[in-house]
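Here the structure is a predicted model, which means the values were calculated and not measured.
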Amino acid sequence: MTETTSPSPFARLLATAGLVQAADQIALAALPVTAVLVLGAGPGLVGALVAAQTAAWLLVSLPAGVIVDRLPRRVVLLAALALSLAGALAALAAAALGHVPLLGAAAFLSAAGTVTFVLVQIGLVPEIVTTAGLPKANARIELMRATASTAAPFMVGFLATRLSPLAGYPLAACLALAALLCAATLRFEARPAPAARPPVLTAIAEGARFVAADPLLRAIGLCAIFWNFAFIALLAVFVPFALTRLGTDAAGAGLAQGINGLGMVAGAAVAPYVFARVQPRAVLLFGPLSSALGAVLMALSPALGGLATAAIAFGLIGFGPMLWLVMQTSVRQIVTPPALMGRVTATIQVAIYGVRPLGALAGGGVAEFFGLEAALGLVAGAFALSALVSLASPLARLATMPARASAASGL
C-alpha cells in the first residue's frame, strides 16, 4: 500500500485561483456575446452591461478590503465564491428570460465575488509561502490568470457558434462551483480578533494613508496609475488606428491585440527563471520601460512593418508589465502588515480601475480632436511617466527584496 500525499495549501489555493479566474474571464467574454446574439443589444447597451460588470472592481474593492481585514478569511473566501456562482447562475437565467437589468446586476454580482476573492488570495499567499518563494508563487497565479484571459474569448466564441449563445454562462457557473468546492478544502490559521473596529470610512482611510506614506507602495501605485491610463487609452484608439493607418481589417486588429495576451502568458511563464537571475530593481524598471518602447514601436508601425510591428508592440506591452506585476505584488505582500493587506490592496486596485475610464476618454478625445498620431503620443507619454516614476523612486534601488513588515496592531 502506497502512502498518498495531499496537495499543499498553496497548490489548493493555486487551483482555486485558476478556477476563479477562468470563471471570471469566461463570464466577461460571454456578456457581450450573450447581449448581442440573445438580447439583440446594440453597442450602447453592450457598453453599459460591460461597465456594470467592471464597475465592481471600483465600487466593491474598498469596503471588501475592510471586510477581508476584519472577518475570518475562510468565511469571506467561501462567501465570495458563492457570490460568483450565484452571479453566473443569475446571468444565465436573465439571458434566458431576456431581462437586461437582471443581466447587468448578475454580472456585477459575479464580479464582486471575484474582487473579494482576489483580496483574500493576495493576503493568503505570504502566509503559506516563504518570502523567497513569493515571486514564483505569484508568477504561477498570474500565469493562470493570463492563460484564462487569453483563452476565454476563443472558448466563448466557439461555444456560441457550435452549441448555444448561452453556453458561456453554464461553463462559468461550473468553474465557479469547482472553485467553491476546492476552496472548501483550504485550511489556514485563524487570525486574532482585532482589538478595535473603527468606522468603515476610517478603516478605509488607514489603508490609503499607509500606501501614501510608504515609498515603495506609493511608487508602485503611481506607476500602475500612469500605466493603466496609457494602456486603456491605447485600446480605445488602436482599432481605428489599425484600420486607417495599418491597412488591415477588424480581424487583423484583433489578432494584433491578441498578441498582448500571449506576451502576458510568456511573461508569467518565464518569471521564476528571470527572478532567479536578476535583481528586483531590474524587473521593476524593465516593465514600464518595455511599455514605453512598445508605444514607440506602435507609433512607428505604419512606416516600420505595419501590422506585424504593432503586434510586436502589443507583445512587449504584455510581457514586460507581467513581470513587473508579479514582482510588485510580491513587494506589496512583503512590506504590508497582514492586518492592512486587504485595505492596501483595495486602495491600489481602486486607483487603477478609477483611472481607466479617464484613459479611455482621454485617448478617444485626443484622437477625435488632434488625430490618431497625437493619441499615440499621449499613450507613449503616459507610459514614459510610468517609467520615470520607477526611475525616480526606491524601486530603482531595490537590489534585494525588502524586509517583511511586522503585524499591524490597530484595526
Next on the checklist: I'd like to know whether L103 forms a side chain to side chain contact (heavy atoms under 4.5 Å, CB included) with L31, so could you lay out the CA-CA distance, the side-chain angles of the two residues, the decisive distance to 0.1 Å, and finally the verdict.
Outcome noted: CA-CA 9 Å; L103 181 59; L31 184 58; 3.8 Å; yes
Item to check | Pairs flagged by salt bridge (charged side-chain N to carboxylate O under 4.0 Å, His left out) wherever residues 298-324 is involved - sequence neighbours left out | outcome: none
Checklist entry - Just by modelled atom types, is the G133 backbone N or O under 3.5 Å from a matching donor or acceptor in the T130 side chain? => result yes
Next on the checklist: Under the rule for side chain to side chain donor-acceptor pair (under 3.5 Å), what residues qualify as partners of Q21, not counting sequence neighbours?
Outcome noted: none
Item to check | Partners meeting salt bridge (charged side-chain N to carboxylate O under 4.0 Å, His left out) with R245 (sequence neighbours left out) | outcome: E373
Checklist entry - Partners of E368 by side chain to side chain donor-acceptor pair (under 3.5 Å), sequence neighbours excluded? => result none
Next on the checklist: Test your reading of the model: is there a side-chain donor-acceptor pair from R73 to the backbone of D69, 3.5 Å cut-off?
Outcome noted: no
Checklist entry - Looking only at heavy atoms, what is the nearest atom pair of A106 and A91, with distance? => result CB-N, 3.4 Å
Checklist entry - Can you tell me if D214 uses its side chain to pair, donor with acceptor, with the backbone of F210 under 3.5 Å? => result no
Item to check | Polar side-chain atom of T185 near backbone of L181 as donor-acceptor pair, under 3.5 Å | outcome: no
Checklist outcome for this item: Minimal heavy-atom distance between A160 and L37, with the atoms involved, is CB-CD1, 4.3 Å
Checklist entry - F238: what forms a ring-ring contact (aromatic ring centres under 6.0 Å, His included) with it, not counting sequence neighbours? => result F314
Checklist outcome for this item: Rounded to the nearest 0.5 Å, the OG1 atom of T114 sits from the CG atom of L83 at a distance of 8.5 Å
Checklist entry - Does T244 reach the main-chain N or O of P240 with its side chain, forming a donor-acceptor pair under 3.5 Å? => result yes
Item to check | Any V283 side-chain heavy atom under 4.5 Å of V274 side chain | outcome: yes
Checklist outcome for this item: When rounded to the nearest 0.5 Å, the distance separating CG of L180 from CZ of F117 is 11.0 Å
Checklist outcome for this item: Between L186 and R12 the two heavy atoms that sit nearest each other are CD2-CB, 3.5 Å
Checklist entry - Would you say the side-chain atoms of R74 pair up with the backbone N or O of A184, donor to acceptor, closer than 3.5 Å? => result yes
Checklist entry - Backbone N or O of A107 within a donor-acceptor pair of the S110 side chain at under 3.5 Å? => result no
Checklist outcome for this item: salt bridge (charged side-chain N to carboxylate O under 4.0 Å, His left out) filter on R281, not counting sequence neighbours, yields none
Item to check | Short side-chain to backbone donor-acceptor contact, S386 and C223, under 3.5 Å | outcome: yes
Checklist entry - Are side-chain heavy atoms of I26 and Y169 found at a separation under 4.5 Å? => result no
Checklist entry - Which residues pass the ring-ring contact (aromatic ring centres under 6.0 Å, His included) test with Y353, sequence neighbours left out? => result W57
Item to check | L19 side, atom CG; S84 side, atom OG - distance, nearest 0.5 Å | outcome: 11.5 Å
Checklist entry - Given side chains that start at C-beta, do those of L246 and S301 come closer than 4.5 Å, heavy atoms only? => result yes
Next on the checklist: I need the minimum non-hydrogen distance between V344 and G207, along with the two atoms involved.
Outcome noted: CG2-O, 4.1 Å
Checklist entry - Residues in side chain to side chain donor-acceptor pair (under 3.5 Å) with S330, at least two apart? => result N138
Under 3.5 Å donor-acceptor pairs involving side-chain atoms of residues 146-159, not counting sequence neighbours:
{"from": "T147", "atom 1": "OG1", "to": "L143", "atom 2": "O", "distance (Å)": "2.8"}
{"from": "S149", "atom 1": "OG", "to": "R145", "atom 2": "O", "distance (Å)": "3.3"}
{"from": "S149", "atom 1": "OG", "to": "A146", "atom 2": "O", "distance (Å)": "3.0"}
{"from": "T150", "atom 1": "OG1", "to": "A146", "atom 2": "O", "distance (Å)": "2.8"}
{"from": "T150", "atom 1": "OG1", "to": "G261", "atom 2": "O", "distance (Å)": "3.3"}

Checklist entry - Listed by chain and number, what are the ring-ring contact (aromatic ring centres under 6.0 Å, His included) partners of F383, not counting sequence neighbours? => result W227
Checklist entry - So which heavy atom on I204 is nearest to which on P63, and how close? => result CD1-N, 4.3 Å
Next on the checklist: Given 3.5 Å as the limit, does a donor-acceptor pair link the side chain of E206 with the main chain of L340, or not?
Outcome noted: no
Checklist entry - Is it the case that more than 12 heavy atoms not belonging to L201 sit under 6.0 Å from its CG atom? => result no
Next on the checklist: For a 4.5 angstrom cut-off between non-hydrogen side-chain atoms, does Q279 reach L398?
Outcome noted: no
Next on the checklist: Any side-chain to backbone donor/acceptor pair from T345 onto G342? Under 3.5 Å, distance only.
Outcome noted: no
Checklist entry - Which residues satisfy the ring-ring contact (aromatic ring centres under 6.0 Å, His included) test with W324, sequence neighbours excluded? => result none
Checklist outcome for this item: Those residues at least two apart in sequence (or on a different chain) that pass side chain to side chain donor-acceptor pair (under 3.5 Å) with T161 are none
Checklist entry - Which atoms form the tightest heavy-atom contact between G364 and V237, and what is the distance? => result N-CG1, 4.1 Å
